[in-house]
Amino acid sequence: MNEPKSPSSPGTDFIRQVVKADVASARYGGRVITRFPPEPNGYLHVGHAMGICLNFGIAKEFGGCCHLRYDDTNPDTERKEYVEAIQEDIRWLGFDWGQHLYFASDYFERMYECGEVLIKKGLAYVDSQATEVIREGRGTVTESGVPSPYRNRSSEENLDLFRGMRAGEFGDGEHVLRGKIDMASPNMLMRDPVFYRIRHASHYRRGDDWCIYPLYDYAHCLEDAFEGVTHSICTLEFDNNRELYNWVLENVGFEEPRPHQYEWAGLDLENAVLSKRKIAPLVEGGFVSGWDDPRLATLAAYRRRGIPPEAIRLLSEIVGVSKTGAQTEATKLDFAIRRILNQSAPRVMAVLDPIRVVIANYPKGKTEEFEAPYYPHDVPLEGSRTVPFSHELWIERADFLEHPPKGFRRLMPGGEVRLRYAYVIRCDEVIKDDAGRILEVRCTYDPDTRGGSTSDGRKVKGTIQWVSVPHGVAAEARLFDHLFFREVGEDQDSGAIGDCLNPDSLTVISDMKIEPSILTDPENTRYQFERTGYFWRDPIDGCGDQLVFNRIVSLKDAWAKRDTKPSPNKVKAKRPTQAYSRTNPEASKQPRIPSGGEQDAEALARMLRYTGELGIGAEQAEILAQSLEWSSYFESALTVYPDAAALATWIANDLRGLLAGRSPADLPFTGESIGELASLVEDGGVSRRAAKDVLARLIIEGGDPKDLVDSMGLRKVTDTHELSSVVKSVIDQWEEKAAEYRAGKSGLLGFFVGEVMKKTGGAADPEAAKSLLQDRLDN
RNA sequence: UGGCCCGUCGUCUAAUGGCAGGACACCGGUCUUUGGAACCGGCGGUGGUGGUUCGAAUCCACCCGGGCCAACCA
């Protein structure tokens with residue numbers, strides 16, 4: 001009962017679709033191997049947790065495995081302490097890497113050998129320029145780089161130098177190994193990237209075995225390949241690195257099926273500091289108590305705060321997987337935590353900010369006990385404890401108001417409130433000190449309401465929690481809020497960090513009261529303090545006799561929210577629209593005329609011919625004319641079928657859309673085929689819609705369009721009789737939809753056409769089907 | 001201003017040429033010995049302009065907006 005609702009379409013994100021397709025096509029023999037590759041230079045945070053859920057989740061769902069591999073290629077920053085902490089976090093989250101624990105540093109020898117392979121192929125060289133010179137030589141995003149003077153060293157010399165680098169013959173920074181790729185590449189990463197650097201430093205695992213260390217782009221893809229990883233999933237910012245990932249693997253000699261990289265957006269959580277680079281100064285600067293300070297978004301902090309791992313996994317489901325760089329609202333995390341805890345946390349009574357209530361008509365010194373269930377009626381768990389009641393009680397200061405606003409349902413002078421599981425009391429008198437601060441509230445109880453229900457049927461709207469003064473236990477509570485009230489910039493020093501800090505991020509309540517039953521519970525019990533929030537004992541400071549409770553998350557509070565309600569006539573803030581920003585609407589229609597150069601002159605001539613003589617629109621003409629590849633493809637289609645405008649659409653719009661960036665040279669069919677296809681459509685033998693299906697097939701396996709039309713059963717069905725019967729059966733099948741359509745939901749017509757198309761395997765003439773459908777539906 | 005990636009309710013995410021759907025948030029209601037939970041209902045979206053198509057969130061073009069890339073970090 002009350003299973004957490006699944007988010008929409010679970011498990012159908014674009015990465016899982018790729019994996020699913022690869023399993024179906026047996027691309028890797030059905031194997032699925034993912035990996036989670038942390039660098040042991042800090043603690044994991046919720047962002048990493050999403051990556052862990054993704055990688056381990058996919059492996060589990062597809063019967064594969066997920067490797068835990070430390071990407072420990074930088075001796076300066078990595079420590080054993082972190083590798084242990086990371087493992088603890090992953091286990092806590094509920095994932096298991098089994099035997100598959102790996103370290104990049106174990107591959108140093110193999111990686112080195114790959115370096116020699118590249119050198120021998122003439123694809124890598126030792127550069128001896130200074131760091132700054134290399135940097136400058138790389139150019140900028142708008143200017144290409146200049147080749148290093150060492151770029152053309154012989155393989156022998158490179159090999160000799162590289163071996164010398166390894167042997168420790170050189171100092172830090174004297175040489176590097178670079179890939180010999182393309183100094184003019186628009187992708188900066190391809191401008192002869194550095195593969196190895198000299199660093200005389202002790203590595204936390206390899207000690208002084210090595211004095212050269214591989215860099216990420218070189219190392220990471222090799223690690224994946226060594227381990228037989230199939231799907232290497234990383235975040236969006238590595239998009240540019242994919243080209244290099246592929247280059248290294250292909251040139252070192254890893255053939256298909258080899259690992260491939262896929263990028264997703266990762267998690268950006270509102271109010272959470274999600275970068276090790278930004279967390280470290282908070283820890284080191286003493287702004288927080290450590291990597292596990294509960295205000296942080298590290299997994300260690302979440303664990304300490306008391307967030308259950310199930311909630312993190314639920315968050316991962318809720319947030320989903322996409323390539324949209326987006327920020328997730330903090331309320332989604334809160335929701336996930338409450339969703340889990342509501343179903344599992346025993347309820348107890350605690351008072352965070354106590355005021356004293358004296359029950360005047362309850363005998364001093366008398367105590368009675370109430371049996372109180374741990375769980376509310378809608379949580380299917382059993383259990384109860386007894387709570388002691390007496391002459392003096394603590395209640396929450398906020399639960400008594402001398403001058404309450406309208407709608408206040410708690411205690412007020414002359415009013416009644418129910419003490420949960422106990423009695424209904426009425427407030428008779430308020431005792432204040434000289435400063436007007438309330439010292440105690442004097443009440444009388446109604447003995448006929450034992451257990452909380454009235455015998456005369458009168459309604460008591462409010463119910464509040466309470467703690468008996470002589471029995472209550474004192475404790476400390478810690479409430480957490482987000483650490484910053486303002487975004488901290490990228491390179492800010494600790495002074496600037498201090499300026500952004502939320503002074504109320506930690507509230508310590510030193511004198512809360514709680515019912516004594518908790519004294520006999522396991523220390524790691526997560527409670528709901530009724531009407532207040534979810535709490536558990538701080539695992540560090542709340543052990544043994546120390547009663548220190550962390551608030552994991554508050555309860556939703558509909559009453560408190562009433563003040564912050566946005567006014568109904570508030571103008572809705574809209575994303576600024578760009579509707580008016582274009583100054584010349586015709587501008588986009590003007591083809592850009594290529595300028596200068598012999599090739600451009602030819603392209604221009606083609607362009608003019610296409611728009612003039614052939615009557616093609618400027619947009620498509622530009623696409624087709626610009627490259628020789630496309631223009632010759634187009635013109636060969638033209639030899640088969642003379643309707644240039646139709647062909648231009650087929651090629652410029654449909655074909656290129658299906659090709660997703662690939663070139664016509666890769667196609668298993670020629671321009672003539674597409675011309676033939678277009679003529680089949682013109683003849684009426686195939687609908688345009690069916691022809692597009694044929695095109696898609698053509699791209700995959702080539703073939704003769706006419707044969708494909710037949711073998712796919714796509715010869716157009718125009719026969720009115722045949723079509724009518726399909727139309728009738730579709731309408732009969734979807735009676736309700738038909739009624740909706742008749743009631744005015746005209747958008748449903750497309751749905752019906754789609755159904756007819758489905759039923760006929762795509763062969764129906766959609767236009768004919770549409771008019772038949774309309775006729776039938778309209779009467 | 002070079003290349004690449006991304007724009008769907010306030011937020012996150014489905015729809016893979018055929019009904020724009022779900023979740024969170026918000027609002028209202030029912031119920032309630034937690035102003036919790038649950039249940040019911042409501043609000044609300046394809047960045048813009050053209051084009052292709054019987055039919056476009058989806059294909060094409062341009063524009064606008066956001067992000068990433070010039071470490072011997074990962």
Side-chain angles (χ1 to χ4, degrees), chain A residues 2 5-9 12-13 17 39 41 71 73-74 76-77 131 134-135 138-143 145 172-173 176 185-189 191 194 196-199 213 215-216 220 236-237 239-241 263 265 318-320 322-329 331-332 335 338 342 347 376-379 409 418 420-421 451-453 460 462-465 528 530-531 555-560 566 572-573 575-579 581-582 585 587-589 617 619-620 622-623 649 652-654 656-658 688-689 692 737 740 745 747-755 757 766-767 769-771:
Chain A
N2 295 325
K5 269 184 202 132
S6 262
S8 60
S9 311
T12 59
D13 58 79
Q17 285 180 36
E39 184 189 12
N41 68 346
D71 211 352
T73 56
N74 182 357
D76 296 332
T77 55
T131 307
I134 290 178
R135 188 159 39 225
R138 201 149 18 225
T140 69
V141 289
T142 52
E143 302 159 60
D172 289 2
V176 291
S185 172
N187 182 352
M188 298 293 297
L189 287 165
R191 322 245 263 227
V194 175
Y196 269 97
R197 57 172 173 153
I198 298 171
R199 184 80 188 97
Y213 290 92
L215 266 16
Y216 173 83
H220 199 92
L236 246 31
E237 68 269 23
D239 185 6
N240 293 311
N241 302 60
E263 309 89 30
I318 289 170
V319 169
S322 78
K323 294 193 79 156
T324 317
Q327 192 177 60
T328 296
E329 290 175 327
T331 55
K332 291 185 175 64
F335 167 80
R338 294 187 188 116
N342 178 49
R347 273 65 168 170
H377 61 92
D378 50 3
V379 171
R409 306 217 295 246
R418 175 167 33 242
R420 178 140 233 219
Y421 301 126
S453 49
V460 178
T463 302
I464 62 176
Q465 80 277 22
Q528 184 194 105
E530 295 223 27
R531 306 205 311 127
L555 248 36
K556 280 176 78 172
D557 188 346
W559 173 251
K572 213 168 95 180
R575 187 194 313 238
T577 171
Q578 288 82 51
S581 53
R582 203 178 63 223
S588 63
K589 288 185 182 167
E619 240 173 50
Q620 294 175 344
E622 186 188 346
I623 292 163
T649 296
N653 291 7
D654 297 289
R656 279 174 63 250
L658 255 12
R688 197 181 191 285
R689 149 74 197 243
K692 207 165 171 186
K737 299 275 188 194
E740 282 177 53
K745 195 171 175 187
L748 246 25
L749 188 58
F751 163 74
F752 284 111
V753 175
E755 287 302 307
M757 298 306 290
E767 219 161 340
K770 189 178 182 179
S771 65

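Letters A, B, ... mirror the listed sequences (proteins, then strands); counts begin at 1.
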Seminar exercise, completed: Pairing partner of B/C59, by Watson-Crick or G-U wobble and under 3.5 Å for both distances, is B/G51
For this session: Can you figure out which of B/A25, B/C54, B/A70 approaches the side chain of A/T331 most closely?
Result: B/A25
Seminar exercise, completed: Expected label for B/A71 (glycosidic angle, syn inside 90° of 0, else anti) would be syn
Exercise. If only side-chain N and O atoms of A/R138 are considered, is one of them under 4.0 Å from the OP1 or OP2 phosphate oxygen of B/C72?
Worked result: yes
Exercise. Between A/Y216 and A/E39, does a side-chain contact (heavy atoms from CB on, under 4.5 Å) hold up when you go through it step by step?
Worked result: CA-CA 11 Å; A/Y216 173 83; A/E39 184 189 12; over 6 Å; no
Exercise. Is there ring stacking between A/W559 and B/G35, where the centres must be under 5.5 angstrom apart and the planes under 30 degrees?
Worked result: yes
Problem set entry | Rounded P spacing from B/A74 to B/A15 in Å | 36 Å
Exercise. Counting only Watson-Crick or G-U wobble pairs whose two distances fall under 3.5 Å, which nucleotide matches B/G7?
Worked result: B/C64
Exercise. Out of B/G10, B/A37, B/C6, which has the shortest distance to the side chain of A/E329?
Worked result: B/G10
Exercise. Out of B/C69, B/C72, B/G18, which nucleotide sits closest to the side chain of A/M757?
Worked result: B/G18
For this session: Kindly say whether, by distance alone, the side chain of A/N240 makes a donor-acceptor pair under 3.5 Å with the base of B/C68?
Result: yes
Exercise. Between B/A14 and B/U58, how far is it from one C1' atom to the other, in whole Å?
Worked result: 13 Å
Exercise. Would a 4.5 Å heavy-atom cut-off, applied to side chains only, mark A/Y421 and A/E530 as touching?
Worked result: yes
Exercise. Quick one: is B/A74 close enough that its OP1 or OP2 comes under 4.0 Å of any side-chain N or O from A/T73?
Worked result: yes
For this session: Give a yes or no on whether a donor-acceptor pair under 3.5 Å exists between the nucleobase atoms of B/G2, that is its base, and the side chain of A/E143.
Result: no
Exercise. Counting only side-chain N and O atoms of A/R656, is one of them less than 4.0 Å from OP1 or OP2 of B/A61?
Worked result: yes
Exercise. Any side-chain N or O of A/S322 less than 4.0 Å from the OP1 or OP2 oxygen of B/U13?
Worked result: yes
For this session: May I ask you to verify whether the side chain of A/Q528 and the base of B/U34 hold a donor-acceptor pair under 3.5 Å?
Result: yes
Problem set entry | Distance between C1' atoms of B/U46 and B/C59 (Å, rounded) | 16 Å
Problem set entry | A/R531 side-chain N/O to B/G35 phosphate OP1/OP2 under 4.0 Å | yes
For this session: Mind calculating the distance between CZ (A/R688) and P (B/U52) to the nearest angstrom?
Result: 10 Å
